[in-house]
2 protein chains.
Amino acid sequence: MIDLTVVKIGGNVIDDTEKLNDFLDAFSNLNGKIVLVHGGGKLASDLAGKLGVQTKMVDGRRITDAENLKLVTMVYAGLINKNIVAALQARGVNAMGMCGADLDLIRAEKRSNTKVDFGFVGDVTAVNTLALCKQIECNSVLVIAPITHDGKGQLFNTNADTVATEVAVALSRFYKVKLIYSFEKLGVLMNAEDDSSVMPVLSDVKCSEMVKLGKINTGMLPKTQNAFYALSKGVEEVVIGNFVSMETNHSSGTQIINS
Amino acid sequence: MIDLTVVKIGGNVIDDTEKLNDFLDAFSNLNGKIVLVHGGGKLASDLAGKLGVQTKMVDGRRITDAENLKLVTMVYAGLINKNIVAALQARGVNAMGMCGADLDLIRAEKRSNTKVDFGFVGDVTAVNTLALCKQIECNSVLVIAPITHDGKGQLFNTNADTVATEVAVALSRFYKVKLIYSFEKLGVLMNAEDDSSVMPVLSDVKCSEMVKLGKINTGMLPKTQNAFYALSKGVEEVVIGNFVSMETNHSSGTQIINS
């Protein structure tokens, strides 16, 4: 099978022009098939603040009412997505920005059965693998904003780590997929206070231990859950780390492994 | 050559949910290859108002400073584009939203040599016909937002009529293209005060006469200029009219012809 890399970047990169440029420089040097999934960052919250639209967060996830859905659709699928695409084009990368509604790429349903009503937050129900593959085989570098849809005209806000995970899992039917969750740290830390305590590998058993000991906190927990899910569903290699450091300083991040 | 229809819709449709739904119903009944180009409407100006961002218009064209560029990128390529795509998916149409930066589809350069500095307003310099055709041949219905780029990372705001025109001209190398500029009236009016005075055809000679007599006003003038340009550059059929009426009431709009 052909290699394919799925890279997910979050707010820390998007909110900082210098970091974003460093990322895009490194990303544009990647060879082979690539998919980029980006999160949102502070831009949507900043805009909400300026417009007097309330933003509520529960467990690190945004409560998305109708006004907030408009904002994230504008900011994620419009402002951030198209600026990344234009910046990649400037670096010679044949980028194509998409969200989950485009080509019916990612379907979702409203999150239900939760104590909290998350509003227009969608949990992924299906990925259109064929449409993804067609675009990738045309040598497009897909840049995916984490906005999904229900097939009935409703858009949803979906967690970007989850979108990256589901896309990687879907593509692992046809490619040897490496999934990189890029964030501000060099990897999963043994000691959250010590940035140099990067774990070279993290197994499911070790992860459970660390969760019990409170060493994997609320921010990292869903990321590791996504990571182990991806691995169990056929993704060849899963790494949590810092993409720029991985590309330029040969840091290797934290490799997610089964015991 | 295979038939292909390029439809351009403007703000009057986008700003009105009922009209937009009527349009999307009629549009989703079109057969064959189709491209939709949408304008912006009042949403960007409304948002600018709420944010205290000044919006200046000169000759019906927005002066696009950096803040306004962010707004139109968000609203056109994000909010409007993705809601149209989701609504078309709900109607069984394999829609894909794009802007000019995606796949390097439409390049532009900053408008210069004008008395007024239009800011980040781009005039089209190139259309990536091959990328357009590839997508169309995959049976995607392209939904294009009028945001272009310069290939160096800069996005531009470009007139949606112009984008539709340039896309239609580019595609006419490979398809028999019908270009429909859809707007609120049933066609070009002989008498601007009388909505029933629709001209079935408008020739270049007749158009020049009407312009001299002031019967074609500032709003219609650039549209007719685009229309005659498209015709001269190989577009098979050019119509100015109301798409929904054309599809449902068999009104035929105004056919643009050479004398």
So which part of K134(B) gets closer than 4.5 Å to some heavy atom of chain A, the side chain, the backbone, both or neither?
->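 Looking at K134(B), just its side chain touches chain A.
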Hey, which of T73(A), L79(A), I147(A), N83(A) has the most heavy atom pairs under 4.5 Å with chain B?
->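 Highest number of heavy-atom pairs under 4.5 Å: L79(A).
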Where along residues 6-19 of chain B does a heavy atom come under 4.5 Å of chain A, listed by residue number?
->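 Contacts with chain A: none.
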Do any of residues 86-97 of chain B come closer than 4.5 Å to chain A, heavy atom to heavy atom, and if so which ones, in number order?
->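 Result: A86(B), A87(B), Q89(B), A90(B), N94(B), A95(B), M96(B), G97(B).
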For the [atom1] atom on [X], are there more than 12 heavy atoms of other groups (residues, nucleotides or ligands in this structure) within a distance under 6.0 Å?
X: K176(B); atom1: NZ; value: no
X: N249(A); atom1: CG; value: yes
X: E184(A); atom1: CD; value: yes

Is any side-chain N of the basic residue among R107(A) and D123(A) closer than 4.0 Å to the acidic one's carboxylate O?
->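 Result for this pair is no, no salt bridge flagged.
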Is the shortest side-chain N to carboxylate O distance from K82(A) to D102(B) below 4.0 Å?
->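 The answer is yes: the pair qualifies as a salt bridge.
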Determine yes or no for a side-chain-to-main-chain donor-acceptor pair under 3.5 angstrom, with S140(A) supplying the side chain and L142(A) the backbone.
->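 A pair under 3.5 Å: no.
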Just checking, any donor-acceptor pair under 3.5 angstrom between side chains of Q135(B) and Q135(A)?
->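 Q135(A) and Q135(B) do have a side-chain donor-acceptor pair below 3.5 Å.
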Give, for atom CG of L155(A) and atom OH of Y76(A), the distance between the pair rounded to the nearest 0.5 Å.
->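 L155(A) CG to Y76(A) OH: 13.5 Å, rounded to 0.5 Å.
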Chain A interface, residue from I80(B), D104(B), V75(B), L71(B) that has the most non-hydrogen pairs under 4.5 Å |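 Highest number of heavy-atom pairs under 4.5 Å: D104(B).
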Against chain B, label D150(A) side chain, backbone, both or neither, depending on which of its atoms sit under 4.5 Å from a heavy atom there.
->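 For D150(A), no heavy atom lies under 4.5 Å from chain B.
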